[in-house]
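Counting convention: from 1, in listed order, for ligands and their atoms alike.
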Amino acid sequence: MNRPQKTVLHVVGARPNYMKIAPLMDALNGVPGIRQILVNTGQHYDEAMAKGFIRELSLPMPDRDLEVGSASHAVQTGNVMIRFEQVCLEERPDLVVVVGDVNSTMAATLVAAKLLIPVAHVEAGLRSFDRMMPEEINRIVTDRLADILLTPSPDGNENLLKEGVPAERIHLVGNIMIDTLFRHLPLATLDRVADRVRVTGGQYAVLTLHRPSNVDVPDTFRGILSAIATIAAERPVVFPVHPRTQACVKEFGLEEFLKDVQVTGPLGYIDFLSLTSHAAIMLTDSGGLQEESTALGIPCLTLRENTERPITVTQGTNTIVGTETGRILAGYRAAMRGDVSKARPDLWDGQTAKRIAAVLQRYLFG
Ligand code: UD1
């Protein structure tokens with residue numbers, strides 16, 4: 001078949017982007033007529049936050065590194081836009097693929113839309129209906145401008161239809177993070193992390209926290225860590241700490257609450273999966289971890305007042321417990337007593353990348 005060559009340009013920026021792009025690049029590899037380019041905005045730049053993920057997930061080394069680094073939202077978004085526009089002008093892609101809801105996602109979408117380059121958004125349609133979250137703004141803007149909206153669950157389709165997105169742009173494809181999770185699960189053993197944590201499979205809790213609304217507000221952060229200190233007196237708690245969170249612990253003098261907690265720096269993808277897949281419970285404010293715990297069938301307490309991923313509550317293992325000490329502990333006791341749902345949402349089956357590749361091929365070649 002002699003097809004005209006089409007260039008697909010993928011954008012990654014922050015940690016949760018890498019595991020969404022990797023299976024898609026893999027699925028598009030070898031499709032006749034498609035040339036792929038990977039652009040790394042550099043929103044995350046620490047070895048453990050970025051480069052390690054690229055290597056572990058067998059992503060190709062990025063063709064372009066924009067090296068934007070950390071800054072205020074406006075500066076970070078602006079820098080991605082300025083540098084990404086140049087890349088688009090030079091590479092002239094036929095399609096830009098963005099994933100998730102980080103600042104890089106929105107910035108790249110704005111640039112492509114203004115250059116009249118079609119955008120495909122993987123993980124479209126999720127809404128927390130909470131504009132206090134910067135990610136919610138990123139989701140709304142990205143979905144408003146994207147041409148191909150690839151949703152992980154039916155609630156995504158419903159949200160987009162209510163916002164007036166034409167049905168023909170929306171494709172329910174499933175959750176691509178779960179492709180990456182299933183692919184790497186056989187490698188995820190506790191031996192890998194034995195040099196950094198002391199735990200027994202099925203006995204311990206894993207904690208992650210990085211949302212500004214939790215860690216930047218001293219009273220909220222203290223309330224969460226007070227519950228964690230109580231849990232840590234009963235069972236091991238492992239806390240791979242995000243750099244933002246680490247800085248806040250120090251600034252607010254909260255080290256005391258963590259004296260029984262096993263704190264590590266950020267972990268690589270497979271090391272982290274080793275920990276989560278053998279845990280008794282997870283406590284988190286991350287979006288991705290709500291999904292991964294559901295896929296793994298392990299209870300999850302979400303330390304927020306809402307979620308953009310309601311299917312993890314209705315068809316998974318997630319409970320929204322907020323940030324007050326008492327509610328977190330009540331949720332913890334209930335989860336440790338209760339039977340855990342082993343259900344998994346439809347299309348969270350490890351085959352999402354193939355479905356997306358098929359949608360993109362139809363779009364590009366008709
Ligand atoms: C970003 C995303 C968030 C995602 C998270 C995953 C936005 C608005 N937020 O949040 O949705 O869940 O990534 O980790 O896009 N820092 C480092 N090294 C790094 C990166 C960051 O030390 O490699 C520190 C810096 O102090 C920086 C802070 O972390 O100021 C916050 O980084 P930033 O990229 O602004 O957002 P995240 O909190 O990581």
Side-chain angles (χ1 to χ4, degrees), residues 11-21 40-55 57 62 65-81 84 98-110 121-124 126-128 130-142 177 180 206-217 220-221 239-252 264-269 271-273 276 282 284-293 300 302-304 306-309 312:
V11 181
V12 291
R15 194 165 48 171
N17 295 162
Y18 303 103
M19 46 278 210
K20 296 171 193 165
I21 283 290
N40 180 21
T41 66
Q43 177 172 343
H44 284 169
Y45 42 89
D46 287 352
E47 180 74 17
M49 301 282 285
K51 305 239 162 40
F53 273 62
I54 293 180
R55 271 196 304 275
L57 299 174
D65 271 304
L66 307 186
E67 296 180 351
V68 298
S70 298
S72 72
H73 284 270
V75 172
Q76 189 174 60
T77 305
N79 281 336
V80 175
M81 288 183 70
F84 187 65
V98 297
V99 295
D101 56 15
V102 302
N103 287 344
S104 302
T105 310
M106 179 187 71
T109 302
L110 272 165
H121 182 207
V122 177
E123 206 186 73
L126 300 186
R127 296 289 181 269
S128 66
D130 174 6
R131 291 200 186 181
M132 298 287 285
M133 281 179 85
E135 292 80 1
E136 184 75 353
I137 315 276
N138 295 341
R139 292 181 200 115
I140 292 168
V141 173
T142 303
M177 273 189 106
T180 300
V206 173
L207 169 70
T208 81
L209 279 174
H210 74 284
R211 295 258 162 252
S213 57
N214 281 342
V215 303
D216 290 1
V217 185
T220 309
F221 198 9
F239 184 19
V241 69
H242 186 291
R244 165 198 282 285
T245 309
Q246 177 109 58
C248 294
V249 169
K250 204 159 163 230
E251 187 186 338
F252 306 144
T264 77
L267 299 177
Y269 180 77
D271 285 353
F272 187 62
L273 182 59
T276 54
M282 306 183 207
T284 192
D285 60 9
S286 139
L289 204 48
Q290 295 173 48
E291 299 178 333
E292 290 170 339
S293 53
C300 176
T302 292
L303 308 173
R304 285 170 43 189
N306 52 50
T307 179
E308 62 289 336
R309 291 157 161 95
T312 60

Measure the acute angle between the ring planes of F221 and F252, then classify it against the limits of 30° and 60° as parallel, tilted or perpendicular.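 Aromatic pair F221/F252 classed perpendicular.
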Heavy-atom contacts with [X] under 4.0 Å: which atoms of ligand 1 show up? List them by number with element.
X	result
Q76	34 (O)
H73	8 (C)
P16	6 (C)

Residue and atom name of the nearest protein heavy atom (relative to [atom]), distance in Å to one decimal:
atom	result
atom 24 (C) of ligand 1	P243 CB, 3.8 Å
atom 3 (C) of ligand 1	E135 OE2, 3.2 Å
atom 10 (O) of ligand 1	H210 CD2, 4.1 Å
atom 2 (C) of ligand 1	V102 CG1, 3.6 Å
atom 21 (C) of ligand 1	S70 OG, 3.6 Å
atom 29 (O) of ligand 1	H242 CE1, 3.4 Å

Can you find an N or O of D46 that's nearer than 3.5 Å to an N or O of ligand 1?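 Yes, since at least one N or O of D46 sits under 3.5 Å from an N or O of ligand 1.
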Self-check item: Which residues share a salt bridge (Lys or Arg N to Asp or Glu O under 4.0 Å) with D271, sequence neighbours left out
Solution: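 Checked D271 against salt bridge (Lys or Arg N to Asp or Glu O under 4.0 Å); matches are R192, R196.
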